Amino acid sequence: MIREDLEKYQTNLIPLIIRSVTTPARDVEYEVVFGKEVVDFARELGIKQLWATRVELADDQEVSDFQERIKRLMQIHAQGHPSQQEGSYLQSPLSVSGFTNILDRHLQPLKKQIESIHQEMAKQSQQVMHLSAQVKTLSNILGSSPTGSQNRRTIRINSYRDAESLKKRVPGLTIDEAQVVIGRLERYRKHQGGRKFCSVDELKEIAPSGHWDSLSICFN
């Protein structure tokens with residue numbers, strides 16, 4: 001059961017119990033008081049971090065007393081279950097596996113909740129990745145499209161005299177429409193006192209194929 005939980009959740013569901021000890025070199029290290037089997041399994045599986053609770057135990061006698069107290073607590077628990085023979089834990093010392101199995105029965109609801117949370121997190125992660133891909137696609141579309149007048153080609157429509165040049169500058173404009181626009185400009189210059197085009201609507205009326213809205217048009 002211990003190994004199965006470690007493989008599934010990549011951590012321990014029941015915390016280790018540890019105490020701090022000072023080495024002869026005056027370094028502080030930690031000794032596992034309860035849960036050594038969990039540590040051994042974790043090493044085999046390559047798990048680097050485990051949950052632990054630190055208790056202050058000054059010497060080996062306090063460690064022994066503490067471990068005995070845990071065994072007594074497990075004995076009391078066993079006596080509360082008819083399936084356990086009375087005094088069985090006194091006759092056979094409780095192992096870490098036995099302690100873990102007892103607590104595991106009480107932790108089953110919590111383990112189910114943890115598994116449900118893992119599944120929900122995986123689902124949310126997929127949704128975030130999908131949304132991120134959509135945002136990236138939209139960003140690429142917006143980045144490649146004109147979004148303002150600063151990205152538009154500027155033309156001085158009233159200064160053109162050549163239909164071919166105008167056609168090259170205006171997307172979608174046909175050569176026939178370009179000639180109509182140039183002809184209108186020539187007529188304005190010769191017969192209407194220098195009148196000029198004053199609006200995009202005038203251009204759309206005589207040259208509807210041109211993509212006039214994609215341009216920044218100067219009418220001076």
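Computed over heavy atoms, backbone and side chain alike; hydrogens, waters and symmetry mates excluded. None of these values were measured; they are calculated from a predicted model.
Between E177 and I206, the shortest heavy-atom distance links the atoms CG-O, 4.3 Å. Pairing each heavy atom of R156 with each of S159, the nearest pair is O-OG, 2.7 Å. Of all the heavy atoms in L6 and N12, the pair that sits closest is CD2-N, 3.8 Å. Counting all heavy atoms, side chain and backbone alike, T174 lies closest to K167 at C-CD, 4.2 Å. When all heavy atoms of A178 and A163 are compared, the pair lying nearest together is CB-O, 3.4 Å. Heavy-atom minimum distance, G172 versus H211: CA-NE2, 4.2 Å.
Using bins of under 30°, 30° to 60° and over 60° for the plane-to-plane angle, the ring pair Y9/H118 lands in the tilted bin.
For R3, the CZ atom counts as densely surrounded, since its 6.0 Å shell holds more than 12 non-hydrogen atoms of other residues, nucleotides or ligands. Heavy atoms from other residues, nucleotides or ligands lying under 6.0 Å from CD of E120 number more than 12.
Residues that satisfy the ring-ring contact (aromatic ring centres under 6.0 Å, His included) test with Y160, not counting sequence neighbours, are absent from this structure.
Interatomic distance, CZ of R169 versus CG of L215, reported as 8.0 Å (0.5 Å rounding). The distance from the OH atom of Y30 to the CG atom of L16 is 13.5 Å, given to the nearest 0.5 Å. Atom OG of S165 and atom CD1 of I155 lie 11.5 Å apart (nearest 0.5 Å). Taking CG of L50 as the start and CD1 of I14 as the end, the distance is 12.5 Å to the nearest 0.5 Å.
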**Prompt:** Does the side chain to side chain contact (heavy atoms under 4.5 Å, CB included) test come out yes or no for Q127 and H130, once each step is laid out?
**Reply:** CA-CA 5 Å; Q127 291 178 347; H130 180 65; 5.6 Å; no
**Message:** Under the criterion side chain to side chain contact (heavy atoms under 4.5 Å, CB included), I'd like the reasoning laid out for D162 against I182: C-alpha separation, chi angles, the key distance, then a yes or no.
**Reply:** CA-CA 7 Å; D162 178 68; I182 295 300; 5.9 Å; no
**Request:** Please lay out, stage by stage, how F219 and V200 fare under the test side chain to side chain contact (heavy atoms under 4.5 Å, CB included).
**Result:** CA-CA 9 Å; F219 294 98; V200 175; 4.0 Å; yes
**Prompt:** Going through the checks in order, is the side chain to side chain contact (heavy atoms under 4.5 Å, CB included) test met by I175 and E164?
**Reply:** CA-CA 7 Å; I175 188 63; E164 187 64 35; 3.5 Å; yes
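The closest donor-acceptor contact from the side chain of T137 to the backbone of A133 lies under 3.5 Å. At least one donor-acceptor pair under 3.5 Å links the side chain of W212 to the backbone N or O of A207.
For residues 20-29, no pair satisfies side chain to side chain donor-acceptor pair (under 3.5 Å), with sequence neighbours left out.
Between E202 and R184, no side-chain nitrogen of the basic residue sits less than 4.0 Å from a carboxylate oxygen of the acidic one, so the salt-bridge criterion is not met. Contact check on D60 versus R19 returns a salt bridge, with a Lys/Arg side-chain nitrogen under 4.0 Å from an Asp/Glu carboxylate oxygen.
Using a 4.5 Å heavy-atom cutoff, the side chains of Q10 and Q49 are not in contact.
Between Y188 and F197, the distance from one ring center to the other falls under 6.0 angstrom.
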